[in-house]
Asker: 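Sharing a structure, written as structure tokens. Questions coming.
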Amino acid sequence: MSLATCLDVVQHYGLRSIGLGDRLLPRNDFTLCDQVVLIGSGMIWNLYFGLLALFFGFFSAISVALARNSHRRLLRKPADWFVFIFRGSPLFIQFFLFYELFTLIPRDGISIALPGLSFTLDGSWLSRAWAGALVTLWLNTTAYAAEIFHGALRSIPKGDLEAADAYGFSGWKKFRRITYPTMLRLAWPAYTNEAIFLFHATTLVYFSSFPARQQKGDALYYASYFAQKTFNPFVPYPILACYFIALTMCVVLVYGLIYRRLNRHLPSNSKRRLRIRPQLVR
Amino acid sequence: MFSYCADPASLDRLHWFACYLTTAKQMMFYQSFLVVIVLMLITAPIALAAGLAGALAGRSHVLPLRWIGWAYANIVRGVPDIAFFLFVPIALDQGIEYLRLKVKCPDWTEPVRQGNDFVVCAAAKMPLNSAPQYVHELYGIALAIAAYTFVFGAFGANVLSGAMRAVPHAQLETAEAYGMTRGQITRRILLPQMWVYALPGLSNLWMILIKATPLLFLLGVEDVVYWARELGGSKTSAYTYAHPDWRLWYFLVLLVFYLLLTRVSEIAFARLSRRLSRGQATAAGMKEARA
């Protein structure tokens, strides 16, 4: 297997997971290069789901955490229930439930029923993985991150808040200048952990009810495809493991840099480095 | 089940449901909830033992053993658990068949991997082709338990090694001053004191184990998810009990089941933690002493 033929494989299958390149997956004589390229191609979906859910989830999680911290019952109770339901039940079940829910949405599509062949061209995109699974993951990470931010909000030192009052800060200014940065600093190590596990959770998408259309799946989808075809799990799964360990290290690196920036005001000798002590696994 | 269930088409709604919810298939669905709980109760102690072994290996004085303990705890954490659930059963199955091949058919010369197949002699098959169906099913469940144990053992090793580090060092030094050997210190001082520090992490792990059980479905076990999909799908009038697509309702039932399970566990662990911190030199222990 020379490098040139492998580059050829990259051209054919590098973007296969999003529907570009060859339509047919390799069927026999799987080379190591085939497996590395296709599983890597699937990582595009893991990144897509993980990054977008993290981005949207960050803002919604802070809102939910603030709602849980509110004095108003009307705000607090729904937020409590939201977090309880999404943290108390398996993500796998949530995928199934939301898929069934989304397919109930009336679709503005055409159903085509030919003898022996019937299918629906539907306009409802929520029953597709790219949107439906993203919404589910977003709600899920919102609940987990809200719990983390809520804990951080509650452990903001009293002195900081009193000092803010003494300076005449109130409302938005107090939140923006005092509450929000302190909360982020306190929550960041746990939030890093949540980010790592959210990326891991993205592998569930194509194994729950969301169908992988035209074999456009994520990394685990292709890894299990190879494991089924070759009946040899010892090649595709270690490849997948390498990709995910690399991804985990990137997450730790990026979140570590952000953590350093969050703590930039501290004297350099007391700067805390982000140490991932994975006591809590989601 | 009931005597009036002979002709479901003629029943009113209430009786129809009474009959529908007590059919043999529905009973299998209810049983699968028990399967889930039994699986957790089997997995948890084995995984805890594996975690303890991993954590102790990580503290060992023997370098290779320490490496193994470290690698086990960290690699499993870096990779999605579902990848291990898919990998471990098939890898273990092939490993067992390979070993049996070496023992049962020593004069087998063909390679085990032929193209896209894994070939062993008939006597080395696990379970044997002639074995009854229930043996095959039990073997499948045993492999699933092995996969869960492998993953949760690594998580447990993480939690327990953190708890071991949290035991006050003075305690261990005092034991050393009394002339205890390393093994004695571990058995008499470290292990008994570690649990109270490990409890928050372990309760969290139990919650994760609960939430990982629906993945059994991916391992081909007929679990709650399997039956929910099977029974919930729309049934035409060819069936005795015709109904439209009810999968949404079935999954709602599963959601409520899991919410109850996590809630009950949460309360139980809060009680246990209060019980364990009695007499400990922690804030919670002091509070207990004052009360």
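Residue numbers start from 1 in every chain, and the chains themselves are labelled A, B, ... in the order their sequence lines are given, proteins ahead of strands. Please read these numbers as outputs of a predicted model, since none were measured by experiment.
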Asker: Evaluate the ring planes of Phe234(A) and Phe87(B), with Trp represented by its six-membered ring, and classify them as parallel (under 30°), tilted (30 to 60°) or perpendicular (over 60°).
Answerer: perpendicular
Asker: Under the criterion side-chain contact (heavy atoms from CB on, under 4.5 Å), I'd like the reasoning laid out for Phe96(A) against Phe217(B): C-alpha separation, chi angles, the key distance, then a yes or no.
Answerer: CA-CA 12 Å; Phe96(A) 277 110; Phe217(B) 169 65; 4.1 Å; yes
Asker: Side chain of His200(A), backbone of Gly78(B): donor and acceptor closer than 3.5 Å?
Answerer: yes
Asker: Should Leu254(B) and Leu97(A) count as side-chain neighbours, where that means a heavy-atom distance under 4.5 Å?
Answerer: no
Asker: For Trp138(A), does the CH2 atom sit with more than 12 other heavy atoms under 6.0 Å from it, leaving out its own atoms?
Answerer: no
Asker: Heavy-atom cut-off 4.5 Å, strictly under: side chain, backbone, both or neither for Thr248(A) against chain B?
Answerer: side chain
Asker: Minimum heavy-atom separation for Ile93(A) to Phe251(B), with atom names?
Answerer: CG2-O, 4.0 Å
Asker: I'd like to know if the side chain of Lys211(B) reaches the main chain of Arg87(A), judged simply by a donor and an acceptor atom lying under 3.5 Å from each other, with no hydrogens or angles considered.
Answerer: yes
Asker: Below 4.5 Å, heavy atoms only, C-beta onward: do Phe92(A) and Leu218(B) meet side chain to side chain?
Answerer: yes
Asker: Name the option with the most non-hydrogen atom pairs under 4.5 Å to chain B; the candidates are Asn232(A), Leu101(A), Leu240(A), Thr202(A).
Answerer: Asn232(A)
Asker: How about OH on Tyr98(B), more than 12 heavy atoms from neighbouring residues, nucleotides or ligands closer than 6.0 Å, or not?
Answerer: no
Asker: Let's test your reading of the structure: which of Asp81(B), Ile90(B), Ile75(B), Asp245(B) forms the most heavy-atom pairs below 4.5 Å with chain A?
Answerer: Ile90(B)
Asker: Select one option (side chain, backbone, both, neither) describing which atoms of Thr230(A) are under 4.5 Å from chain B's heavy atoms.
Answerer: both
Asker: Counting only heavy atoms not in Lys229(A), do more than 12 fall under 6.0 Å of its NZ?
Answerer: no
Asker: For chain A, find its close neighbours in residues 255-267 of chain B: heavy-atom separation under 4.5 Å, sorted by number, or none.
Answerer: Leu255(B), Tyr258(B), Leu259(B), Thr262(B), Arg263(B)
Asker: Need one label for Phe84(A): side chain, backbone, both or neither, based on atoms under 4.5 Å from any heavy atom in chain B.
Answerer: both
Asker: For atom CZ of Arg100(B), decide whether the heavy atoms of other residues, nucleotides or ligands shown that lie under 6.0 angstrom number more than 12.
Answerer: yes
Asker: So which part of Tyr250(B) gets closer than 4.5 Å to some heavy atom of chain A, the side chain, the backbone, both or neither?
Answerer: neither
Asker: What do the steps show when you test Thr103(A) against Leu248(B) for side-chain contact (heavy atoms from CB on, under 4.5 Å), and what is the final call?
Answerer: CA-CA 10 Å; Thr103(A) 48; Leu248(B) 184 64; over 6 Å; no
Asker: Do other residues, nucleotides or ligands put more than 12 heavy atoms under 6.0 Å from the CH2 atom of Trp130(A)?
Answerer: yes
Asker: Can you tell me how far OG of Ser89(A) sits from CD1 of Ile210(B), rounded to the nearest 0.5 angstrom?
Answerer: 11.5 Å
Asker: Could you grab the distance from atom CG of Leu220(A) to atom CG of Leu86(B), nearest 0.5 Å is fine?
Answerer: 5.5 Å
Asker: Parallel, tilted or perpendicular: which describes the rings of Phe118(B) and Phe231(A), with under 30° parallel and over 60° perpendicular?
Answerer: tilted
Asker: Taking CZ in Arg66(B) as the centre, count heavy atoms belonging to other residues, nucleotides or ligands within less than 6.0 Å. Is the count above 12?
Answerer: yes
Asker: For the residue pair Glu100(A) and Leu252(B), establish whether any side-chain heavy-atom pair is separated by less than 4.5 Å.
Answerer: no
Asker: Side chain from CB out, backbone as N, CA, C, O: work out which of these in Ile85(A) comes under 4.5 Å of a heavy atom of chain B, or both, or neither.
Answerer: both
Asker: Are Ser209(A) and Arg247(B) close enough that some pair of their side-chain heavy atoms sits under 4.5 Å apart?
Answerer: no
